[in-house]
Amino acid sequence: ALAYHYENIFFVFPPMLLAWGISLLISEIVKRPRPFETYGFKPLIHLAIKSRSFPSEHATISFALAALFIQDSFLTILFILAATIVALSRVATGVHYLSDVLVGALIGFLVGKATVIASLLLFVS
């Protein structure tokens, strides 16, 4: 039976790093300011590093990880729920717009899913 070996660290970190890199590249191209910078309010959390708003790197990484665990129903629910909470918390704290986290989630999910498909095609016999 075909099985994606998500317990292998090789298959977990590279897609997360790739998704993060894509997100960073888009962020540098778009250069969208964060909501609190645009509207002049204090966000609920302190950002240790100054970065752009679009797309959300937290959402990107969270959904890339979640996409790696889609084949297992319990883990699917757990990881999608956790990724959604991470993404929405970024909006609730005032550091991202909803569109930032939606696009970040899409990037992460697509990269994660592409990794699973590629690994099934290349490494599973």
Answer yes or no: are there more than 12 heavy-atom neighbours, outside Phe41 itself, under 6.0 Å from its atom CZ?
yes
Hphob cluster co-occupancy, [X] + [Y], side-chain heavy atoms under 4.5 angstrom:
| X | Y | value |
| --- | --- | --- |
| Ile107 | Val86 | no |
| Ile61 | Leu98 | no |
| Val116 | Leu110 | no |

Apart from Leu81 itself, residues in the same hydrophobic cluster as defined by side-chain heavy atoms under 4.5 Å:
Ile85
If you take all heavy atoms of [X] and [Y], which pair is closest and at what distance?
| X | Y | value |
| --- | --- | --- |
| Tyr97 | Pro35 | OH-CA, 3.4 Å |
| Gly112 | Leu68 | O-CD2, 3.6 Å |
| Ala87 | Val101 | O-CG1, 3.2 Å |
| Gly104 | Pro55 | N-CB, 3.8 Å |

Does the side-chain contact (heavy atoms from CB on, under 4.5 Å) test come out yes or no for Ile117 and Thr115, once each step is laid out?
CA-CA 5 Å; Ile117 292 168; Thr115 301; over 6 Å; no
Scan for salt bridge (Lys or Arg N to Asp or Glu O under 4.0 Å) pairs involving residues 96-121, sequence neighbours excluded, and state none if there are none.
Arg32-Asp100
Quick test of your reading: applying salt bridge (Lys or Arg N to Asp or Glu O under 4.0 Å), list the pairs with at least one residue in residues 84-95, sequence neighbours left out, ordered by first then second residue.
none
Roughly how far, to the nearest 0.5 Å, is CD1 of Ile26 from CZ of Phe54?
6.5 Å
Between CG on residue Leu44 and NZ on residue Lys42, distance to nearest 0.5 Å
9.5 Å
For Arg34, what residues pass the salt bridge (Lys or Arg N to Asp or Glu O under 4.0 Å) criterion, not counting sequence neighbours?
none
Qualifying residues under salt bridge (Lys or Arg N to Asp or Glu O under 4.0 Å), relative to Lys50, sequence neighbours excluded:
Glu37
Would Thr84 and Phe63 count as a side-chain contact (heavy atoms from CB on, under 4.5 Å) here? Give the steps.
CA-CA 8 Å; Thr84 301; Phe63 276 89; 3.6 Å; yes
Quick check against the 3.5 Å criterion: does His96 have a side-chain atom that pairs as donor or acceptor with the backbone of Ser53?
yes
Distance-only donor-acceptor hits, side chain of residues 15-24, under 3.5 Å, sequence neighbours excluded:
unit_1	atom_1	unit_2	atom_2	d
Trp20	NE1	Glu57	OE1	3.4
Ser23	OG	Thr60	OG1	3.4

